[in-house]
Amino acid sequence: MDIASIIQTITVYAIPLIFAITIHETAHGYVARMCGDPTAYMLGRLTLNPIKHIDPVGTILVPGALLIMSAVTGMSGIIFGWAKPVPINFRNLRNPKTDMIWVAAAGPGANLVQAVIWAIILKILFIVGIDSDFLAQMCLAGVSCNIVLMALNLIPIPPLDGGRIVTGLLPPGMAWQYSRIEPYGMYILFALILTGTLSFFMRPFMHLGSSIVRLFL
């Protein structure tokens with residue numbers, strides 16, 4: 001694939017992916033503030049300005065490398081990344097165990113909402129007759145990367161959001177035992193990636209997200 005095609009692929013995904021990652025983090029902080037923890041707000045992290053959330057490796061390098069690999073090989077792999085985590089002090093939450101569930105679910109929920117918004121924009125483009133291949137591809141990229149990020153974060157492995165949701169749902173003793181997985185969570189995630197089994201665990205969540213998005217197309 002030539003350089004022009006690679007650049008076009010990066011351009012199509014850049015805006016949807018950056019906002020998918022940063023709004024995900026902002027949502028965590030916003031819900032945490034509603035539940036009693038103002039930490040993210042006090043540190044200026046409740047903003048849609050991507051610069052406040054960008055992690056050079058997770059927001060730029062890793063997604064960019066995956067996009068280039070997908071463009072070069074012609075294969076559609078999993079495109080994901082991460083932003084600087086929004087600081088949350090769970091001890092400040094009014095009901096720490098219950099509120100942790102809502103704070104954790106806010107990120108994947110924000111991604112689902114974004115996927116729906118991109119789908120609605122795509123539908124509007126067709127309805128009003130705007131024939132722009134670039135905009136259509138950007139909308140599809142917005143739907144795709146948000147569903148992937150939602151599904152990835154819902155995998156029940158601490159410290160992913162799905163892991164925190166499970167921890168909040170379990171009885172205290174079991175929750176404590178389950179939370180002990182967290183120091184090894186990222187190693188488990190990378191093992192799933194390397195063994196090619198990550199998509200198996202993401203598939204139910206991706207199917208759910210895709211089904212909801214299709215309701216708006």
Side-chain angles (χ1 to χ4, degrees), residues 16-41 43 45-48 53 55 58-59 78 80-120 142-172 174-182 185-186 188-189 192 198-199 201-216:
L17 188 56
I18 287 173
F19 278 101
I21 294 170
T22 56
I23 292 175
H24 175 106
E25 292 298 332
T26 303
H28 285 312
Y30 181 75
V31 174
R33 186 189 182 196
M34 291 178 63
C35 293
D37 176 35
T39 306
Y41 173 74
L43 294 175
R45 294 294 303 277
L46 294 191
T47 174
L48 296 181
H53 304 283
D55 178 289
T59 317
I78 293 177
F80 69 93
W82 60 90
K84 290 188 294 186
V86 166
I88 295 170
N89 187 341
F90 289 98
R91 289 175 295 183
N92 287 338
L93 300 176
R94 285 186 287 272
N95 300 290
K97 198 169 187 305
T98 304
D99 291 344
M100 178 173 63
I101 298 172
W102 296 110
V103 173
N111 289 128
L112 179 59
V113 170
Q114 288 181 82
V116 168
I117 290 172
W118 283 110
I120 291 172
V143 171
S144 174
C145 67
N146 274 288
I147 288 178
V148 166
L149 285 172
M150 181 199 75
L152 177 66
N153 279 280
L154 284 176
I155 294 176
I157 302 173
L160 295 178
D161 298 326
R164 297 198 185 282
I165 292 171
V166 171
T167 301
L169 291 172
L170 290 173
M174 293 178 65
W176 181 79
Q177 292 290 342
Y178 191 76
S179 66
R180 295 177 66 185
I181 301 172
E182 184 162 339
M186 296 312 295
I188 296 172
L189 181 62
L192 294 177
L198 181 64
S199 59
F201 294 96
M202 292 175 60
R203 194 171 297 125
F205 303 116
M206 292 188 68
H207 178 72
L208 174 63
S210 298
S211 298
I212 292 174
V213 168
R214 278 196 292 270
L215 295 176
F216 296 87

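- The closest donor-acceptor contact from the side chain of Ser210 to the backbone of His207 lies at 3.5 Å or more, if one exists at all.
- In this structure Pro204 satisfies the side-chain contact (heavy atoms from CB on, under 4.5 Å) test with no other residue, sequence neighbours excluded.
- The shortest distance between side-chain heavy atoms of Leu198 and Ile155 falls below 4.5 Å.
- When all heavy atoms of Phe19 and Gln114 are compared, the pair lying nearest together is O-OE1, 3.3 Å.
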Got a list of side-chain donor-acceptor pairs under 3.5 Å for residues 84-96, not counting sequence neighbours?
residue	atom	partner	partner atom	Å
Asn89	OD1	Arg91	N	3.1
Asn92	ND2	Asp37	OD1	3.0
Arg94	NH2	Met34	O	2.2

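- The 12-atom threshold is not exceeded at OH of Tyr30, counting heavy atoms of other residues, nucleotides or ligands nearer than 6.0 Å.
- Summarising the geometry, atom CG belonging to Leu46 is positioned 9.5 Å from atom CG belonging to Leu48; distances are rounded to the nearest 0.5 Å.
- Looking at Thr167, Val166, Ile165 one by one, the single match for side chain to side chain contact (heavy atoms under 4.5 Å, CB included) with Leu169 turns out to be Ile165.
- Under the rule for a side-chain hydrogen bond (donor to acceptor under 3.5 Å, both in side chains), the partners of Thr26 that lie at least two apart in sequence or sit in another chain are His53.
- Note that the NE2 atom of His28 and the CG atom of Asn153 stand 6.5 Å from one another [nearest 0.5 Å].
- The two residues Gly142 and Pro16 have their closest heavy-atom pair at CA-CB, 3.5 Å.
- Proximity of Ile181 to Ile188: side-chain heavy atoms (C-beta onward) are separated by under 4.5 Å at one or more points.
- The side-chain heavy atoms of Asp161 and His24, taken from C-beta on, include a pair separated by under 4.5 Å.
- Annotation for Arg164 and Ala104: closest pair CB-CB, 3.8 Å, computed over non-hydrogen atoms.
- A heavy-atom distance below 4.5 Å is not found between the side chains of Val116 and Asn146.
- Annotation: the span from Met206 atom CE to Leu154 atom CG amounts to 12.0 Å, rounded to 0.5 Å.
- Between Met150 and Phe205, the shortest heavy-atom contact is CE-O, 3.2 Å.
- Residues Met174 and Gln177 fail the side-chain proximity criterion, which asks for heavy atoms closer than 4.5 Å.
- You'll find the side chain of Met100 stays beyond 4.5 Å of the side chain of Cys35, heavy atoms only.
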Please walk me through it: do Leu152 and Leu189 pass side-chain contact (heavy atoms from CB on, under 4.5 Å)?
CA-CA 10 Å; Leu152 177 66; Leu189 181 62; 3.9 Å; yes
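- Scanning both residues, Ala27 and Ala110, for their nearest heavy atoms gives CB-CB, 3.7 Å.
- Counting all heavy atoms, side chain and backbone alike, Tyr178 lies closest to Gly163 at CE2-O, 3.7 Å.
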Please assess Leu149 against Leu17 for the test side-chain contact (heavy atoms from CB on, under 4.5 Å), listing each intermediate value before the final yes or no.
CA-CA 9 Å; Leu149 285 172; Leu17 188 56; 4.3 Å; yes
